[in-house]
Amino acid sequence: MRVALVPGPGKSGVLASLADDGTPLSPPVEVPDLAAAVARREADDPVRWVWDCGGRVYPTLLRAGVRVARCHDAALVDGLLTARDGPASRPGTLTAASARRAGLAAPGDPVPSGVREIASQLLFEEPPAASAHELLAELITVHKDQLGRIGADPLASGFGLLATAESAGGLAAAEMTAAGLPWRADVHDELLTELLGPRPAAAPGMPLRPARLAELTAQISAALGAVRPVNPDSPAQLLRALAASGIRVPSTRVSVLRAVDHPVIPLLLRYKELARLHTANGWSWLDTWVAGGRFRPEYVVGGVVSGRWATRGGGALQIPRVLRCAVVADPGWTLVVADAAQLEPRVLAALAGDRAFAQTAAGGDVYAAVASAVGADRDRAKVALLSAMYGGTGGDGGQSLALLRRRFPQASAFVEAAARAGEEGRVVRSVLGRTCPPPSAAWLSVTSESGDPELERDPEAGRASRARGRFTRNFVVQASAADWALVLLAGLRARLAALDVDGQRPELVFFQHDEVIVHCPAGLAAEVVTAVEAAAASATNLVFGATEVSFPMTTAVVTAYSDAK
DNA sequence: TCAACAGGCGCG
DNA sequence: AAAGCGCGCCTGTTGA
């Protein structure tokens, strides 16, 4: 059973039951308390809620203590379909719905990524606010249209799974934001103080460097023999000061500086490390993003073209390793940290239908297995494999790359074909059918062939073409890995819901590409680990069908995130 | 004065 | 000969 839902004024809402093909079964029903109505239906029988944008609707339900098991998120599905069919394919009704959504949004409100562009175009037209009944009618039309377009996909079942998983991802994202990642502000503060010195007093308009950074700055200037103090935060200034000391470098990147032998280098490297911590995850970050012992990032489902998630604010997907000691389970609770081991090479093995490579990826360490298969050491094999997926030659791994091609011709041909498609301006799709963006107008104009043989040799054309080849080469792997991880997340979420004991519910609290963290009562950790493994096995089967490739999860039951791995 | 850009670095 | 993929966010600089 599907039920379409649109919030109305106050706590009210409008509902309509739909058949599985999206046809309305009865006239819309107004309810005074939407959350209560949803909770009743959810308890009765399995419902797939159809709504326009879970990111907006669901947090309200969660605040009222109501969870749902399944949904169809029309905004997220629109993103998938628009990536597949192009913006011109978007039906008029959805455009109108997007416009209304944008019109109803407060200025500066985030708009779901799939409709961001069109919404921003229409934002200025001040569309009239539509009634909940009008919006529901539109939603029903859009939903039915989407079901038809999903069904028409050449990868119908895969693409349908993707739409379902993307929608479930929307639910998980809202729930994770509501739950928050356990974060010990006191531990974080202690670490900052230990590394940087005491927190500088707030000086209006005059941000102070913490003691340790000020000290290093002075030492750096001295080591460079600079007359005036050098600001290490200014690459241009630093570059000049280095040159004045006879150090000629193309940039001030850590990787470049590391190769230089000079007394100032260790000071600079230390400064960069600490300054990064201070600016990216220092006290002001703590003030801004951590409250009540929780860090609550806002996830952007499908925010990356490959289907990976992004986050808005707080840089949640770049939590530095040194800070992971601040992620600590509540007393009596524990963290289950699980990540998919060597996900991308395994995905390539499963995708490419390369028997030899699949057998190689059937075991515990793909890189070691590849190394022994091609007769190279593990490091070289790893670089070669990554190069094959990223489009580099791997420098040192170049030879191994050639061996890789000989030993695993089908896997190589698979990524090469993806690269050719990109270079020629075509699009590629993930295993479940997520579609990469078409080439930009700028790319087309740079690479378009002209009759003039002089122009054809424009090196810019070749560069742009190869760059897009690397992008599509990587896309098929990264996006398929994202497919798998999303299906894992959806399955895990469902399994965890079944472990709910009197509100002592294991909570998904973090998701980062190929890694999840579950916060659970200590007594449930073993069951959570089992759930993770079952979800991984199920994801493998749903996404890749029968395959020899294994997708093992590395799980750790820990008190602090830093204790994992 | 402020927005856009460049350089840089954190994560996968 | 050299170079890989995808992000978010910070500071400093530049230019309208």
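Chain letters run A, B, ... following the sequence lines, proteins first and then strands; every chain starts at 1.
- Nearest nucleotide to the Thr279(A) side chain, out of dC10(C), dC7(C), dG6(C): dC10(C).
- Whole-Å rounding puts the Leu268(A) CG to dC9(B) P distance at 11 Å.
- Listed by first then second residue, pairs satisfying salt bridge (Lys or Arg N to Asp or Glu O under 4.0 Å) with a partner in residues 258-271 of chain A read Arg270(A)-Glu273(A), not counting sequence neighbours.
- Anti is the glycosidic conformation of dG12(C), whose angle departs from 0 by more than 90°.
- Within 4.0 Å of Ser306(A), counting heavy atoms only, lies no atom of the nucleic acid at all.
- Look at CG on Leu213(A): it is 13 Å from C1' on dT11(C), rounded to the nearest Å.
- Contact record, Val301(A) with Gly169(A): CG2-O, 3.8 Å, taken as the closest heavy-atom pair.
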All N/O pairs under 3.5 Å across the protein-nucleotides 5-8 of chain B interface:
residue : atom : partner   : partner atom : Å
dG8(B)  : OP1  : Thr252(A) : N            : 2.7
dG8(B)  : OP1  : Thr252(A) : OG1          : 2.6
dG8(B)  : O3'  : Lys272(A) : NZ           : 3.4

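- Between Tyr367(A) atom OH and Asp377(A) atom CG the span is 14.5 Å, to the nearest 0.5 Å.
- Using a 4.0 Å heavy-atom criterion, one finds that Arg466(A) contacts no nucleic acid atom at all.
- Residues passing the side-chain contact (heavy atoms from CB on, under 4.5 Å) test with Val260(A), sequence neighbours excluded: Ile247(A), Val249(A), His262(A), Ile265(A).
- Across all strands, Leu277(A) comes closer than 4.0 Å to no nucleic acid atom at all (heavy-atom distances).
- The distance from atom NE2 of His513(A) to atom C1' of dC7(C) is 7 Å, rounded to the nearest whole Å.
- Listed by first and then second residue, the ring-ring contact (aromatic ring centres under 6.0 Å, His included) pairs involving residues 168-193 of chain A are Trp183(A)-His188(A), Trp183(A)-Trp285(A), Trp183(A)-Phe295(A), His188(A)-Trp285(A) (not counting sequence neighbours).
- Within the 4.0 angstrom heavy-atom criterion, no nucleotide atom of any strand lies near Arg463(A).
- Within residues 406-428 of chain A, no residue has any heavy atom under 4.0 Å from DNA chain C.
- Only the P atoms considered, dG8(B) is 15 Å distant from dG4(C), to the nearest whole Å.
- Gln318(A) places its CD atom 10 Å from the P atom of dG12(B), with the value rounded to the nearest Å.
- Put simply, OH on Tyr390(A) is 10 Å from P on dC5(C), counting in whole angstrom units.
- In this entry the distance linking CE of Met389(A) with P of dG6(C) reads 14 Å, nearest Å.
- With sequence neighbours excluded, the residues forming a side-chain contact (heavy atoms from CB on, under 4.5 Å) with Val446(A) are Glu460(A), Ala461(A), Ala464(A), listed by chain and number.
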Walk me through it: do Leu486(A) and Leu432(A) pass the test side-chain contact (heavy atoms from CB on, under 4.5 Å)?
CA-CA 11 Å; Leu486(A) 187 65; Leu432(A) 294 185; over 6 Å; no
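- Between the CG atom of Leu386(A) and the C1' atom of dG12(B) there is a distance of 12 Å, given to the nearest Å.
- For Asp514(A), the listed nucleotide lying nearest its side chain is dG12(B); candidates were dC11(B), dG6(C), dG12(B).
- The stretch residues 421-441 of chain A participates, sequence neighbours left out, in these salt bridge (Lys or Arg N to Asp or Glu O under 4.0 Å) pairs: Asp153(A)-Arg429(A), Glu166(A)-Arg434(A), Arg420(A)-Glu423(A), Glu424(A)-Arg426(A).
- For Thr360(A), there are no side-chain hydrogen bond (donor to acceptor under 3.5 Å, both in side chains) partners, not counting sequence neighbours.
- Applying the side-chain contact (heavy atoms from CB on, under 4.5 Å) test to Ala490(A) and every residue at least two apart in sequence or in another chain returns Ala168(A).
- In terms of the side-chain contact (heavy atoms from CB on, under 4.5 Å) criterion, residue partners of Pro320(A) (sequence neighbours excluded) are, by chain and number, Asn281(A), Val322(A), Leu323(A).
- Within 4.0 Å (heavy atoms only), Asn231(A) reaches sugar-phosphate atoms of the nucleic acid but no base atom.
- In this structure, Arg296(A) has no salt bridge (charged side-chain N to carboxylate O under 4.0 Å, His left out) partners at least two apart in sequence or on a different chain.
- Atom pair Tyr299(A):OH and dC11(B):P shows a separation of 16 Å (rounding to whole Å applied).
- Between Phe357(A) and Phe408(A), the ring-plane angle classifies as tilted under the 30° and 60° cut-offs.
- The side chain of Ser234(A) sits closest to dG12(C) out of dG10(B), dC7(C), dG12(C).
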Fill in the dot-bracket string of DNA chain C, one character per base: . for unpaired, | for a pair to another strand, ( ) or [ ] for pairs within the strand, taking Watson-Crick or G-U pairs under 3.5 Å.
....||||||||||||
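- Nucleic acid contact for Val305(A): sugar-phosphate only, since backbone atoms but no base atoms lie under 4.0 Å from a heavy atom of the residue.
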